[in-house]
Amino acid sequence: MVAEAAADFAPVATAVGVAWARGLVREFRAAERDIVGGWPGTMSEARLRVLVRLQRKLEAGALDGLARIAVLAARREWHQVCAPDLEA
């Protein structure tokens with residue numbers, strides 16, 4: 001079931017991640033905050049976003065796999081617009 005859920009819902013998890021990053025970029029820009037450094041999202045946030053989007057119960061392993069997909073997609077989207085953190 002874990003592999004099936006990841007395969008069936010991977011495109012949804014990717015879309016969740018992309019939308020998450022784009023939304024956060026909009027929020028940062030609206031607040032006139034710099035978009036700098038690494039992706040600020042967490043796995044806990046990703047799990048919640050995936051669950052809200054799918055509106056179904058998932059096995060823990062499947063949920064974690066989908067959350068990882070969402071985080072990776074969000075991170076890719078974020079890194080397309082962020083500036084490097086020169087203070088790090």
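Just so you know, these numbers use all the heavy atoms, side chains as well, and skip hydrogens, waters and symmetry mates.
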Show every ring pair (Phe, Tyr, Trp, His ring centres under 6.0 Å) that has at least one partner inside residues 64-83, sequence neighbours left out.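 Only Phe28-Trp78, Trp39-Trp78 qualify under ring pair (Phe, Tyr, Trp, His ring centres under 6.0 Å).
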
Are Val16 and Leu24 linked, directly or through intermediate hydrophobic residues, by side-chain heavy-atom contacts shorter than 4.5 Å (ILVMFWY only)?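 Shared cluster, no.
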
Could you walk me through whether Ile35 and Cys82 pass the side chain to side chain contact (heavy atoms under 4.5 Å, CB included) test, one step at a time? CA-CA 5 Å; Ile35 301 166; Cys82 79; 3.7 Å; yes

Arg75: side-chain hydrogen bond (donor to acceptor under 3.5 Å, both in side chains) partners, not counting sequence neighbours: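 Not a single residue meets the side-chain hydrogen bond (donor to acceptor under 3.5 Å, both in side chains) criterion with Arg75.
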
Report the residues that fulfil side-chain hydrogen bond (donor to acceptor under 3.5 Å, both in side chains) with Arg22, sequence neighbours left out, ordered by chain and then residue number.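 With neighbours one apart ignored, the set is Glu77.
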
Separation of [Y] [atom2] from [X] [atom1] (nearest 0.5 Å):
X: Leu63; Y: Arg68; atom1: CG; atom2: CZ; value: 9.5 Å
X: Leu51; Y: Lys57; atom1: CG; atom2: NZ; value: 10.5 Å
X: Ile69; Y: Phe9; atom1: CD1; atom2: CZ; value: 11.5 Å

Heavy-atom closest pair, residues [X] and [Y]:
X: Val71; Y: Met43; result: CG2-SD, 3.8 Å
X: Pro40; Y: Glu45; result: O-OE1, 4.2 Å
X: Arg53; Y: Ala15; result: NH1-CB, 4.4 Å
X: Ala21; Y: Ala74; result: CB-O, 3.4 Å
X: Ala46; Y: Ala70; result: CB-CB, 4.4 Å

Do Leu54 and Leu66 come within less than 4.5 Å of each other through their side chains, counting heavy atoms only?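 Yes - at least one pair of side-chain heavy atoms lies under 4.5 Å apart.
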
